[in-house]
Peer 1: 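The structure follows.
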Amino acid sequence: MKILDFLKRHKKVQFVSEIDFITNLGRQSHLAVEMLVALREFDIEEDHEFEIEYFFHSNSIEKAKQLQKELSAINSLKGNEVIESKRPIVIKGQTAPVKMMHETLKKWATQMCELGYKHDCRFENWQIKR
């Protein structure tokens, strides 16, 4: 009976598919290389450290808050906040200073992609704060 459909539990909608996750891993790795090339042009070398501002997107406040909770438990990350007024929902924060080395940035970006996927949120973007 269609009239009572609203009483049925709705299946949760997946926000980040496995294909999206794998594609984003490659994109973030490529972004790390591009960022480092640009930094080297400004004489910023591997021993320099900068904070990184990062952004995730989610389609659910519950998923966003679970991700925020896990991000807050990581000592090198700070200032995590969920911005509910935007669609998709935004989770943002920043790191402690990070060395501008390829392996360091690639490992960090991979970790962020994996954390996002674990909570069905997309690791959307990041930028170096100077």
Side-chain angles (χ1 to χ4, degrees):
M1 191 175 223
K2 296 258 185 216
I3 296 172
L4 300 178
D5 277 352
F6 73 93
L7 294 175
K8 293 181 184 177
R9 290 191 173 242
H10 294 285
K11 184 179 176 185
K12 290 189 177 182
V13 176
Q14 185 173 356
F15 186 62
V16 181
S17 71
E18 185 176 3
I19 292 171
D20 291 340
F21 166 67
I22 292 167
T23 302
N24 197 28
L25 274 174
R27 190 183 80 137
Q28 295 300 336
S29 180
H30 184 73
L31 180 61
V33 171
E34 286 181 351
M35 187 71 69
L36 289 172
V37 168
L39 289 173
R40 299 299 178 257
E41 290 177 6
F42 292 100
D43 294 326
I44 295 173
E45 300 298 329
E46 291 183 346
D47 60 335
H48 287 92
E49 295 183 351
F50 294 102
E51 293 177 343
I52 300 172
E53 187 174 34
Y54 56 85
F55 305 89
F56 291 84
H57 285 165
S58 179
N59 64 340
S60 156
I61 191 64
E62 292 81 20
K63 294 175 192 177
K65 288 190 175 186
Q66 285 298 317
L67 174 60
Q68 178 191 27
K69 183 178 177 181
E70 189 159 347
L71 289 168
S72 296
I74 299 173
N75 288 338
S76 62
L77 305 177
K78 59 185 179 180
N80 299 298
E81 67 176 297
V82 175
I83 303 171
E84 299 178 40
S85 61
K86 298 195 177 216
R87 292 289 182 247
I89 297 162
V90 175
I91 305 97
K92 73 176 202 167
Q94 66 185 41
T95 67
V98 174
K99 286 195 181 273
M100 296 294 109
M101 299 171 59
H102 179 259
E103 285 306 313
T104 304
L105 285 179
K106 184 178 176 183
K107 181 180 175 184
W108 174 81
T110 298
Q111 179 188 21
M112 295 295 103
C113 286
E114 289 171 348
L115 279 173
Y117 185 62
K118 176 181 174 183
H119 294 282
D120 196 26
C121 299
R122 181 180 303 114
F123 179 52
E124 194 63 39
N125 204 353
W126 55 276
Q127 61 190 18
I128 293 173
K129 295 185 71 171
R130 290 190 58 184

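Side-chain atoms are counted along with the backbone in the values below, which use heavy atoms only and exclude waters and symmetry mates. Along the sequence shown, the residues carry numbers beginning at 1.
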Peer 1: Kindly write out the residues that satisfy salt bridge (Lys or Arg N to Asp or Glu O under 4.0 Å) with K118, not counting sequence neighbours, or none if the list is empty.
Peer 2: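 Here the qualifying residues are E70.
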Peer 1: For L25 versus C113, what's the shortest heavy-atom pair and its separation?
Peer 2: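 Reported closest heavy-atom pair: CD2-CB, 3.6 Å.
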Peer 1: Angle class for the Y54/F56 ring planes (parallel below 30°, perpendicular above 60°, tilted otherwise)?
Peer 2: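 Ring orientation of Y54 relative to F56: perpendicular.
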Peer 1: How close do I89 and S60 get, counting heavy atoms only, and between which atoms?
Peer 2: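 Answer, listing the atom of I89 first, then S60: CD1-C, 3.5 Å.
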Peer 1: Once you round to the nearest 0.5 Å, how far does OG1 of T95 lie from CD1 of I74?
Peer 2: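 T95 atom OG1 to I74 atom CD1 measures 11.5 Å (nearest 0.5 Å).
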Peer 1: Between atom CD of Q94 and atom CD1 of I128, what is the distance when rounded to the nearest 0.5 Å?
Peer 2: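 Reported value, rounded in 0.5 Å steps: 13.0 Å.
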Peer 1: List the atom pairs, donor and acceptor, that lie under 3.5 Å between side-chain atoms in residues 38-47 and the rest of the protein, sequence neighbours left out.
Peer 2:
| unit_1 | atom_1 | unit_2 | atom_2 | d |
| --- | --- | --- | --- | --- |
| R40 | NH1 | I44 | O | 2.7 |
| R40 | NH2 | M100 | O | 2.7 |

Peer 1: Taking the side chain as C-beta and beyond, is there a heavy-atom pair between E49 and V98 under 4.5 Å?
Peer 2: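 Counting from C-beta outward, E49 and V98 never come under 4.5 Å.
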Peer 1: Should we say atom CD of E18 is surrounded by more than 12 heavy atoms from elsewhere, each under 6.0 Å from it?
Peer 2: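 Atom CD in E18 is not crowded, with 12 or fewer foreign heavy atoms closer than 6.0 Å.
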Peer 1: Tell me if a side-chain donor or acceptor on Q68 pairs with a main-chain N or O of N80 at a distance below 3.5 Å.
Peer 2: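 At least one qualifying donor-acceptor pair exists.
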Peer 1: Would you tabulate the side-chain donor-acceptor contacts of residues 101-112 under 3.5 Å, counting partners in other chains and residues two or more places apart, or write 'none'?
Peer 2:
| unit_1 | atom_1 | unit_2 | atom_2 | d |
| --- | --- | --- | --- | --- |
| T110 | OG1 | K106 | O | 2.9 |

Peer 1: Let me confirm one number: the CE-CD1 distance from M35 to I52, rounded to the nearest 0.5 Å.
Peer 2: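 Taking CE in M35 and CD1 in I52, the distance rounds to 8.0 Å.
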Peer 1: Out of curiosity, H57 NE2 to R122 CZ, how far, rounded to the nearest 0.5 Å?
Peer 2: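 Reported to 0.5 Å precision, the distance equals 8.0 Å.
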Peer 1: Between Q66 and H119, does a side chain to side chain donor-acceptor pair (under 3.5 Å) hold up when you go through it step by step?
Peer 2: CA-CA 7 Å; Q66 285 298 317; H119 294 282; 5.1 Å; no
Peer 1: How long is the gap from OG on S72 to NZ on K78, to the nearest 0.5 Å?
Peer 2: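 Output value for this atom pair is 13.0 Å.
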Peer 1: Could you grab the distance from atom CG of N24 to atom CD of E114, nearest 0.5 Å is fine?
Peer 2: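 The CD atom of E114 is 11.5 Å from CG of N24, to the nearest 0.5 Å.
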Peer 1: Could you tell me which non-hydrogen atom of F123 sits nearest to which non-hydrogen atom of R27, and how far apart they are?
Peer 2: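 Nearest pair, atom of F123 first, then R27: O-NH2, 4.2 Å.
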Peer 1: Please give me the minimum heavy-atom distance between W126 and L31, naming the atom from each residue.
Peer 2: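 Looks like NE1-CD2, 3.4 Å.
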Peer 1: Spell out, yes or no, whether F50 and L77 are grouped together once hydrophobic residues are joined by side-chain heavy atoms under 4.5 Å, including indirect joins.
Peer 2: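 As far as the 4.5 Å side-chain criterion goes, L77 and F50 are connected within one cluster.
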Peer 1: Within the side chain of N125, is there an N or O that forms a donor-acceptor pair under 3.5 Å with the backbone of F55?
Peer 2: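 Checking the backbone N and O of F55 against the side chain of N125, no donor-acceptor pair under 3.5 Å is found.
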Peer 1: With a 4.0 Å cut-off on N to O distance, would you call E84 and K65 a salt bridge?
Peer 2: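 Salt bridge present between E84 and K65.
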